[in-house]
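Worksheet: the structure to be examined is printed underneath.
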Amino acid sequence: MPQDSSREIFKVESCRICQSKDLFTFLQLGPTPIPNGFLRKGQLNMPEKFYPLDVCFCQKCTMVQLAHVVSPEVMFKNYLYIPSTSSTMTDHFTNLAQTLIQESKLTPSDLVIDIGSNDGTLLKAFKSQGIKILGIDPAKNLALKANAQGIKTIAALFNKNIAKSLKSDYQKPKIITATNVIAHVDNLHDFFEGVSLLLEKDGLFVAEFPYFLDLLKKVQFDTIYQEHLSYLSLTPLTTLLNSHGFNLTSVLKIPVHGGSLRIFATKSKTFKKNSHIANLLAKEQTVGIKDIRTYLKFRSKVDKIRHNLVQLLWELRLKNKRVVGYGASAKGNIMLNYCRIGTETLDYIVDSIPYKQGKYTPGMHIPIFAESKLIADQPDYAILLAWNFKEEIIKKHNLYRNRGGKFIVTIPQLEII
Ligand code: DWN
């Protein structure tokens, strides 16, 4: 259903892939504030907007999706997530560009368009190899930053109309990439009509997104939030791609963001499929993505994580232990709001991003400081709220741990390291 941009939120009446109305809500995490909506001190006493966070699955095509859509205007107009703040993601995107240049035999006359290009981290890697690039991103603050660094970026939310205007102003791209984007798109049919219009006839569409089977297996419920409208698996995605004349040619499981999929799709008539596709589709069936019991089991695992975490923090408080948070991430804010963990439990959160330092987390209003405070203050425990960077973060803090400091990891299960 096309979004009425004048409305801030609306309820999903039918599946965004197959239009079925048979949507089963299996988890309710809300209401919560937008998890990237960090507050300045002066905003703490002002009214804060909370939005529902109900998750449902389509009993016809198995697409897992939020039951409400919050306007992209609310979420992306001033977007604070920047992948280049972590070496994990910078390395990841450099490798992706090199892989695509080699496998697609790109030459300097070829154009690559990145939808949801953010601060241009991926496009910089293509540009450094002499490939023509163009970014599209709805966040004006990020487009400004990317253009200032010589990464041509159009500040717009990609759709069929944008594709039409790009088609008249630019050559057809040989590759269109979309990393951590399609899960954020409400009108997926309009999106893929745009990709289909823009892409070179035998061109390649490459997308990356957190994989729903990883979310299910590792109980990554804190990655469920308003900007992630869909939680993608291959079964419904194949239905969607096929309906726009695309065929999956390859899929690859990758470790970023707790476990993601990289998919390759083309409209070319001459294509080879790799065997992983059939294997993963079969695995989705055996895991039971069509079975309501799968989702009810997931819900009880989520409640167990909440119970165990709150219980542990209570015990630590009774022992007068000092606990802080590490990584003011969107997922961390979902965890904190769902478990009602506030400044009564966490003194503060440390984070490497200057944007976030000096601000407060949405909903629970926990103050955010630079990472250096962890060493200066040496609290007893730090809850790792950015578990997707567990290795990178813990590797930095031998001194903190050698002095007796401990990290609490919550996902996929509670552990103290
Ligand atoms: O879809 C999205 C996924 C891909 O990532 C976006 N919607 C938003 C984002 O989710 P997030 O906010 O959970 O992002 P991060 O990048 O997982 O958050 C990590 C946080 O941890 C950042 O605020 C930076 C911080 N950090 C840190 O303090 N020290 C990160 C590293 C690597 C560090 O060493």
Side-chain angles (χ1 to χ4, degrees), residues 32-38 53 66 70 72 74-76 78-93 96 115-119 121-122 137-139 142 178-185 207-212 214-215 220-232 254-262 324-337 348-362 366 368-375 382-398 400 407 409-411:
T32 60
I34 298 297
N36 271 314
F38 295 93
L53 198 46
L66 295 188
V70 176
V74 171
M75 292 188 290
F76 301 123
N78 183 39
Y79 195 55
L80 293 178
Y81 168 66
I82 299 181
S84 58
T85 54
S86 90
S87 55
T88 305
M89 294 313 293
T90 311
D91 297 346
H92 170 78
F93 285 127
L96 173 58
I115 300 174
S117 51
N118 198 286
D119 65 343
T121 305
L122 174 60
D137 196 286
L142 296 177
T179 59
N180 294 308
V181 171
I182 52 179
H184 299 61
V185 174
E208 292 183 353
F209 48 82
Y211 185 32
F212 178 64
D214 285 301
L215 190 158
Q220 297 167 343
F221 74 92
D222 56 351
T223 61
I224 296 173
Y225 43 89
Q226 290 88 350
E227 66 182 69
H228 297 160
L229 297 175
S230 306
Y231 299 83
L232 295 159
I254 52 179
V256 291
H257 294 299
S260 295
L261 271 195
R262 178 181 295 161
V324 302
Y326 199 118
S329 60
K331 56 176 77 69
N333 289 324
I334 294 298
M335 179 70 77
L336 296 172
N337 278 283
Y348 53 83
I349 293 172
V350 295
D351 191 283
S352 61
I353 296 185
Y355 275 113
K356 300 182 182 179
Q357 293 159 10
K359 289 196 174 69
Y360 294 77
T361 61
I366 300 173
I368 302 165
F369 293 92
E371 292 173 295
S372 52
K373 188 173 177 69
L374 186 83
I375 301 303
I383 301 183
L384 194 53
L385 298 168
W387 43 258
N388 50 318
F389 294 127
K390 176 176 154 185
E391 285 69 27
E392 183 174 345
I393 290 175
I394 289 179
K395 204 165 61 181
K396 295 201 284 198
H397 291 295
N398 288 331
Y400 171 68
F407 282 100
V409 181
T410 55
I411 299 278

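Remember, it's 1-based here, ligands and their atoms both numbered in the order they're listed.
Contacts between Ser329 and ligand 1, counted as non-hydrogen atom pairs separated by less than 4.0 Å, involve both the backbone and the side chain. Contacts between Asn388 and ligand 1, counted as non-hydrogen atom pairs separated by less than 4.0 Å, involve the side chain only. With a heavy-atom cut-off of 4.0 Å, Ala328 touches ligand 1 through its backbone alone. Proximity of Asp351 to ligand 1, defined as any heavy-atom pair under 4.0 Å, is shared by backbone and side chain alike. Residue contacts with ligand 1 for His184 involve side-chain atoms from C-beta outward but no N, CA, C or O (heavy atoms, distance under 4.0 Å).
Looking at Gln357, its side chain does come within 3.5 Å of a backbone N or O of Asp351 through a donor-acceptor pair. One N or O on the side chain of Ser329 and one on the backbone of Leu385 form a donor-acceptor pair closer than 3.5 Å. A donor-acceptor pair is defined here as one N or O able to donate and one able to accept, closer than 3.5 Å; no such pair exists between the side chain of Ser260 and the backbone of His257. In this structure, Lys356 contributes its side chain and Ile368 its backbone to no donor-acceptor pair below 3.5 Å. Distance alone, capped at 3.5 Å, is enough to place a donor-acceptor pair between the Asn337 side chain and the Pro362 backbone.
Below 30°, between 30° and 60°, or above 60°: for His397 and Phe407 the angle between ring planes is between 30° and 60°, a tilted geometry.
Heavy atoms only, all atoms of each residue included: Gln226 and Val70 are closest at CG-CG2, 3.9 Å. Val181 approaches Gly116 most closely through the heavy-atom pair CG2-CA, 3.7 Å. In terms of heavy-atom proximity, Leu229 sits nearest to His184 at CD1-O, 3.5 Å.
Residue-ligand proximity, Asn180 to ligand 1, at heavy-atom distances under 4.0 Å covers atoms 4 (C). Within ligand 1, counting atoms from 1 as listed, the ones closer than 4.0 Å to a heavy atom of Gly327 are 21 (O). The ligand atoms of ligand 1 that sit less than 4.0 angstrom from a heavy atom of Ile353 are 22 (C), 23 (O), 24 (C). Which parts of ligand 1 touch His228 is read off a 4.0 Å heavy-atom cut-off, strictly below it: atoms 1 (O), 2 (C), 7 (N). For ligand 1 and Lys396, the ligand atoms under 4.0 Å from any heavy atom of the residue are 29 (N), 33 (C), 34 (O). The atoms of ligand 1 that sit less than 4.0 Å from any heavy atom of Lys356 are 22 (C), 23 (O).
Checked against a 3.5 angstrom limit, the closest N/O atoms of Tyr225 and ligand 1 fall inside it. Residue Phe389 places no N or O, backbone or side chain, under 3.5 Å from any N or O of ligand 1. Between Glu392 and ligand 1, a contact under 3.5 Å exists for no N or O pair.
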